[in-house]
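Here's the structure we're looking at; comments come further down.
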Amino acid sequence: MHTGGVLNILGKLLLLISLFLLTPIPVSAYYDDGLVEIFLLCAGIGVGVGAGLILLFRPIKELSLRDGFAVVTVCWLGMALLGSLPYLLAAQVPSFVDALFESMSGFTTTGSTILTDIEALAPSLLFWRATTQWLGGMGIIVLSLAILPLLGIGGMQLFQAEMTGPTKDRLTPRIQDTARILWSVYVFFTLVLIALLMFGGLSFYDATTHAFCTISTAGFSPYNDSVGHFNSTYVEVVIIIFMFIGGINFAMHHHALRGRLLTYWHSEEFRLYLGLTVGAMLLITFFNYHFNIYQNLATSLRYASFQTVSILTTSGFGTADFTLWPSSSQLILVGLMLVGGMAGSTAGSIKTVRFLLFFKYVRLQLRSLIHPQTVSIIKLGGHRVPREVMTAVLGFFALYFMIFLIATLVVTALGVDLVTGTTAVIATLNNIGPGLHLVGPAHGFADLPALAKVILTFCMLAGRLELYTVIVLLTPAFWRTARRPEVRFFARRQPTTAP
């Protein structure tokens, strides 16, 4: 691994984030919340650190896959640290751990929060909070590949480490063009959603912040009651549709926008994703109505539909406190937390395609027990799934549950009750947001011990980067062959020879 080159790229990405730190300034000036200087200072710190890393360390000509893993993980940590500065310098978050937790939750599109009174924060700080989720939705590394030619060489290594799921779609031969296409689709849906929400009566500020956190399937709302603040069926339906869109592979959206609408239905993963959404929606509607949570089916369907899509797509928005729902409904929601959206979407969690391949594998093993002489293969979309893909999927499940058990053990050992600790880990590892009991939608993560917040912050990062990208950096073998960073100012000149 080229350590110096990784730090050089980190510097360039910090410069990019510093530009986005300027976007809340017009909001601060409009609402006169007194944070213009804070955001200017944060942007200046980002520029200073970023420029220093660029000047100190030499760039590398070509990224290896090892470099890609390091760049992605280090850059997400760097972004979270820089993104936490506005919370700290504005003195609206009590501690560094809380500020880092909130910032990491934003960039990883988790939506978990340590804030007990969200509306007490300055509007510009809430706008920055939403902006971090919008940036993290498609992935800041993909954004960099789209607009920064300085990462052109070796871009595929970053793309492989950043994009989620067992498969990656390259829409064009050049990875920069693929990244531009994905971000163009992402921006298009964001603008359409802003327009639709404003048509429903929301202000430009409310429409923009909620659009940022909807298409990124993230869930940070500037209101304590989340989307329930508006009490509008129209707003809820629009957000349901776009949360569902955010949970679909964005490569499919690109094909659909070019006229190939059947692309969705031809996908086995999409059909499973749609089936899970509708099935869970109907079951929760029935259970809530049956146990007299709501007095009529229409109201039960309204709230069940919103929470089903919000949880399945790992958005984390809320219109109701589902911790008050019957246990059967809560159990379905916990199951949806583990599934998530499609690969290549902005959603988190394990992903629908992994469960689809896992069930195909189980069915294949059962068939082999009944017919030992039969040679069977696993197919997805009519194509044979390579053995190495299945091995990676099964390994992912094993690694996921190992991290889940260890993190839950540590959190509960700190005095957190089992339901709160278990669902807190599920909520952060799957980038969902709310859990159950003391971390439910009506509460938050503020009362958890500081060490528990650190563990959950790690879970957010690991979950957003598909576990392997982060865990591989914790193995001794990864660092055993790392190269010492070459410092630009102290690099030794190579002797020249006379012709």
Give, for atom CD1 of Ile293 and atom OG1 of Thr285, the distance between the pair rounded to the nearest 0.5 Å.
12.5 Å
Non-hydrogen atoms of Ser103 and Met79 that approach each other most closely:
OG-O, 4.1 Å
Would you kindly say whether Thr109 and Asn431 are connected by a side-chain donor-acceptor distance under 3.5 Å?
no
Could you check whether any side-chain N or O of Thr313 sits under 3.5 Å from a backbone N or O of Phe244, counting only pairs where one atom can act as donor and the other as acceptor?
no
Would you give the length of the straight line joining atom CD1 of Ile17 to atom CG of Leu82, rounded to the nearest 0.5 angstrom?
7.0 Å
Less than 4.5 Å apart, side chain to side chain, heavy atoms only: is that true for Leu126 and Tyr205?
yes
Establish, from distance only, whether the side-chain atoms of His229 and Ser221 form a donor-acceptor pair under 3.5 Å.
no
Taking the side chain from Thr217 and the backbone from Ser315, do they hold a donor-acceptor pair closer than 3.5 Å?
no
Once ring pair (Phe, Tyr, Trp, His ring centres under 6.0 Å) is applied, do any residues pair with Phe270, and if so which ones, sequence neighbours excluded?
Tyr264
Would a distance-only check, ignoring hydrogens and angles, find a side-chain to backbone donor-acceptor pair under 3.5 Å from Thr23 to Phe20?
yes
Heavy-atom side-chain contact between Thr346 and Ile215 under 4.5 Å
no
Worked check of ring-ring contact (aromatic ring centres under 6.0 Å, His included) between Phe287 and His290:
CA-CA 5 Å; Phe287 287 131; His290 176 72; 7.7 Å; no
Side chains of Ile284 and Trp325 in contact at under 4.5 Å (non-hydrogen atoms)
yes
Enumerate the salt bridge (charged side-chain N to carboxylate O under 4.0 Å, His left out) contacts for residues 91-105, please, sequence neighbours excluded, ordered by first and then second residue.
Asp98-Lys453, Glu102-Arg129
For the residue pair Phe127 and Phe212, categorise the inter-ring angle as parallel (less than 30°), tilted (30 to 60°) or perpendicular (more than 60°).
tilted
Does some side-chain heavy atom of Leu438 sit less than 4.5 Å from a side-chain heavy atom of Asp447?
no
Would you call the rings of Tyr223 and His210 parallel, tilted or perpendicular, where under 30° means parallel and over 60° means perpendicular?
parallel
Separation between CD1 of Ile378 and CZ of Arg363, rounded to the nearest 0.5 Å
9.0 Å
Please step through side-chain contact (heavy atoms from CB on, under 4.5 Å) for the pair Phe458 and Val470, ending with a clear verdict.
CA-CA 9 Å; Phe458 170 81; Val470 177; 3.7 Å; yes
Got a sec, which pairs hit ring pair (Phe, Tyr, Trp, His ring centres under 6.0 Å) with one end in residues 410-454, sequence neighbours left out?
Phe101-Phe445
Run through Leu81, Val454, Leu77 and flag the one making a side-chain contact (heavy atoms from CB on, under 4.5 Å) with Leu100.
Leu81
CG of Leu312 to CG of Leu333: how many Å apart, nearest 0.5 Å?
10.0 Å
Can any side-chain N or O of Thr209 pair as donor or acceptor with the backbone N or O of Asp206 at less than 3.5 Å?
yes
Test: side-chain hydrogen bond (donor to acceptor under 3.5 Å, both in side chains). Region: residues 418-429. Which pairs qualify, not counting sequence neighbours?
Asp417-Thr420
Under the side-chain contact (heavy atoms from CB on, under 4.5 Å) rule, what do Leu193 and Ile245 come out as? Steps first, then yes or no, please.
CA-CA 11 Å; Leu193 180 53; Ile245 287 173; over 6 Å; no
Exam field: side chain Gln307 to backbone Thr319, donor-acceptor pair closer than 3.5 Å:
yes
So CD of Gln295 and OG1 of Thr299: to nearest 0.5 Å the spacing works out to 9.0 Å
Tell me whether Ser226 contacts the main-chain N or O of Gly318 through its side chain, where contact means a donor paired with an acceptor under 3.5 Å.
yes
Which atom of Pro441 lies closest to which atom of Ala320, heavy atoms considered:
CG-O, 4.2 Å
When you measure from the side chain of Gln330 to the backbone of Thr323, do you find a donor-acceptor pair of N or O atoms at a distance under 3.5 Å?
yes
Just do the side-chain contact (heavy atoms from CB on, under 4.5 Å) check on Leu10 and Val71 with the steps written out, would you?
CA-CA 7 Å; Leu10 171 61; Val71 166; over 6 Å; no
Does Gln92 use its side chain to pair, donor to acceptor, with the backbone of Ala122 at less than 3.5 Å?
yes
Indicate the atoms forming the closest heavy-atom contact of Trp183 with Gly139, along with that distance.
NE1-O, 3.7 Å
When you check the gap from the basic side-chain N to the acidic O, do Arg354 and Glu466 get nearer than 4.0 Å?
yes
A side-chain contact here means heavy atoms from C-beta on lying under 4.5 Å apart; do Leu456 and Val425 qualify?
yes
Between Ile426 and Leu338, is any pair of side-chain heavy atoms under 4.5 Å apart?
yes
Mind running side-chain contact (heavy atoms from CB on, under 4.5 Å) on Met243 and Phe306 for me, showing each step along the way?
CA-CA 9 Å; Met243 286 191 297; Phe306 191 93; 4.1 Å; yes
What is the minimum heavy-atom distance between Thr412 and Leu409, and which atoms define it?
OG1-O, 3.1 Å
Here the ring pair (Phe, Tyr, Trp, His ring centres under 6.0 Å) pairs for residues 395-424, sequence neighbours left out, are Phe355-Phe397, Phe358-Phe397
Tell me if the centroids of the rings in Trp128 and Trp134 come within less than 6.0 Å of each other.
no
Test item: Ser345 side-chain N/O and Met342 main-chain N/O as donor-acceptor pair under 3.5 Å
yes
Ring centers of Tyr468, Phe69 separated by less than 6.0 Å:
no
Looking at Ile118, is its backbone amide N or carbonyl O close enough to the side chain of Asn224 to form a donor-acceptor pair, meaning the two atoms are under 3.5 Å apart?
yes
Asn288 and side chain to side chain donor-acceptor pair (under 3.5 Å): which partner among Ser300, Ser329, Ser328?
Ser329
Are any of the side-chain heavy atoms of Leu85 and Ile45 separated by less than 4.5 Å?
yes
Check Gly316 against Ser310 and note the closest heavy-atom contact, atom names and distance.
N-OG, 3.1 Å
For Asn249 against Ala343, the heavy-atom pair lying closest together:
ND2-O, 3.1 Å
Residues two or more places apart in sequence or in another chain: which of them pass ring pair (Phe, Tyr, Trp, His ring centres under 6.0 Å) with Tyr361?
none
Any donor-acceptor N or O pair under 3.5 Å, side chains Trp76, Thr108:
no
Do Ile38 and Cys42 have side chains that get closer than 4.5 Å, going by heavy atoms?
yes
Rounded to the nearest 0.5 Å, how far does CG of Leu369 lie from CG of Leu364?
10.0 Å
